[in-house]
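Only this structure's heavy atoms are used, side chains among them; waters, hydrogens and symmetry mates stay out.
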There are 2 protein chains.
Amino acid sequence: MSLRYALIALLTGRPMTGYDISKSFSSSVAHVWHAPDSQIYPELNRMERDGLLDAVEVPWGKKGTKKEYHVTDAGLADFRRWMESPLKPQRQRDPAYLKAAYYDFADPEAVREQLRRQQTYWEEHLAMLERTRATLLDRTHPTLAARLTKLDEREAELAVRYKIYAYDGLIARARTELAWIEDGFALVDELHDS
Amino acid sequence: MSLRYALIALLTGRPMTGYDISKSFSSSVAHVWHAPDSQIYPELNRMERDGLLDAVEVPWGKKGTKKEYHVTDAGLADFRRWMESPLKPQRQRDPAYLKAAYYDFADPEAVREQLRRQQTYWEEHLAMLERTRATLLDRTHPTLAARLTKLDEREAELAVRYKIYAYDGLIARARTELAWIEDGFALVDELHDS
DNA sequence: CGGCTCATGTAACCAGTTACATGATTAG
DNA sequence: CTAATCATGTAACTGGTTACATGAGCCG
């Protein structure tokens, strides 16, 4: 269900076509909620059917049209309702930790290789988060910038600060993962001669 | 697919019935990989079919029997192969962060309520992780203890240390979440008069 | 005219969730 | 005898993944 709220969140910035969404998704909401195109288009149709979005046919080229989705009042109300509803506690389900608990079944060199891959992944992820955070701070992030034009300074301040808050959480999480990976290297060295 | 490896991991400790598994699951592997009963039983059947487990019929009461699952050599080999195979990078998908990025759409009091709930959840989760970590350290954790009887001291040391390593990661993560939640309270107070 | 981007999906599958179903055994 | 525990699931559904499918428009 969160996908639909990720989509509404994105569309509060500005109306977009499915294509626009699937492109800008990856550089914004996808940092907290990833989804592939094949899930986005059908969901947009369902949301239109449920009255959360209005699809406006916009001409495209000579004869083509494209659908531009606008959040309806009902959609916004639904979004706010979801925002204020309690989260159900997330189940833990992380293969990295499952593996780590049983690293004694694997070859030490294979463990190091795992750790190196995770390290690379998290370093890149962290760098991306920090870049994005910077564009939020200076308000050049395209999706955010689009939304800010509709807000007064007080509202803009809130929107920006909460987004930065979310990214700060993601950044802290990435750093925690990286510190854990560092500890992993040290542990493998300690346990297997070196 | 990770469920099946969580199950093999658990069964390396000692052979168990589906019922044993579904009970002890929650106090061990479920900390890294949650699964309900309704997913466990069918998966055990599939794993037996695939030759990863042997099901031994054990008498139970006067006429009943129960199935005790043993990991086969093929199962262990498959587990090791999985252990050494690269993880595919996990997609971010966390509703708490999605909401946080858009807290400006919610009432400040509703936001505080959200934060309080998450705080309670993570505090309890953290306490549970720390209790479990302590039982790993003193080797009284039942699943671990069962496995240790089959290992020499050197192997036992590895098994224990890696399990503690995994829990240290989970604990660090929980603390990071709690720190982020604290920052959330401070931010709401700052942004909404107080 | 050829290749990129814009545009919109479908189909088959797999994993996980929720709710329900049923019966035997054992402890008090 | 009754309640708790042991035992084992099925069914319907939701959400997410992977792979594929197709065509119009735009730029050089």
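Residues of residues 75-93 of chain B having a heavy atom closer than 4.0 Å to DNA chain C: none are found. Within residues 9-25 of chain B, the residues having any heavy atom closer than 4.0 Å to DNA chain D are, in order of number, B/T17, B/G18, B/Y19, B/D20.
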- Task: Evaluate the criterion side chain to side chain contact (heavy atoms under 4.5 Å, CB included) for residue pair B/L98 and B/D94; output intermediate values, then yes/no.
- Result: CA-CA 7 Å; B/L98 175 55; B/D94 192 331; over 6 Å; no
- Evaluate the criterion side chain to side chain contact (heavy atoms under 4.5 Å, CB included) for residue pair B/R175 and B/W122; output intermediate values, then yes/no. CA-CA 8 Å; B/R175 289 193 204 283; B/W122 281 105; over 6 Å; no
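Of the charged side-chain nitrogens involved, at least one lies within less than 4.0 Å of a carboxylate oxygen, so that A/E190 and B/R161 count as a salt-bridged pair. Using a 4.0 Å cut-off between a side-chain N of Lys or Arg and a carboxylate O of Asp or Glu, A/E155 and A/K150 do not qualify as a salt bridge. Classification of B/R117 and B/E123 as a salt-bridged pair fails, no side-chain N sitting under 4.0 Å from a carboxylate O. Ionic pairing of B/R112 and B/E109 is present here: one or more N-O contacts between side-chain nitrogen and carboxylate oxygen are shorter than 4.0 angstrom.
A straight line from CZ of A/R4 to P of D/dG16 spans 12 Å, rounded to a whole angstrom. For the pair B/Q39 CD and D/dA12 P, the interatomic distance rounds to 18 Å; values are reported in whole Å. We find that CG of A/L44 is positioned 15 Å from P of D/dG15, with the value rounded to whole Å. Taking atom CG of residue B/N45 and atom C1' of nucleotide D/dA7, one finds them 13 Å apart after rounding to whole Å. D/dA7 atom C1' lies 11 Å from atom OH of B/Y69, rounded to whole Å. Rounded to a whole Å, the CG atom of A/L3 is 7 Å from the P atom of D/dG16.
For the pair B/D189 (side chain) and B/A186 (backbone), a donor-acceptor distance under 3.5 Å is absent. Judged by distance alone, with hydrogens and angles left aside, the side-chain atoms of A/T72 form a donor-acceptor pair with the main-chain N or O of A/L52 at under 3.5 Å.
B/D183 is linked by a side chain to side chain donor-acceptor pair (under 3.5 Å) to nothing, counting only residues two or more places apart in sequence or in another chain. Residues forming a side chain to side chain donor-acceptor pair (under 3.5 Å) with A/E43 (at least two apart in sequence, or on another chain): A/R4, A/R46.
Here the side chain of B/K66 is nearest to one of D/dG25, D/dA7, D/dG15, namely D/dA7.
Hydrophobic clustering (ILVMFWY, side-chain heavy atoms < 4.5 Å, transitive): A/Y5 and A/Y69 are in one cluster.
Less than 6.0 angstrom separates the ring centroid of B/Y165 from the ring centroid of A/W180.
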Check nucleotides 26-28 of chain D for protein N or O atoms closer than 3.5 Å to its own N or O atoms and list the pairs.
none

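Shown here is A/D138, whose CG atom has more than 12 heavy atoms of other residues, nucleotides or ligands within 6.0 Å.
Of all nucleotides in DNA chain C, those with any atom nearer than 4.0 Å to a heavy atom of chain A start and finish, going 5' to 3', at C/dT5 to C/dT18.
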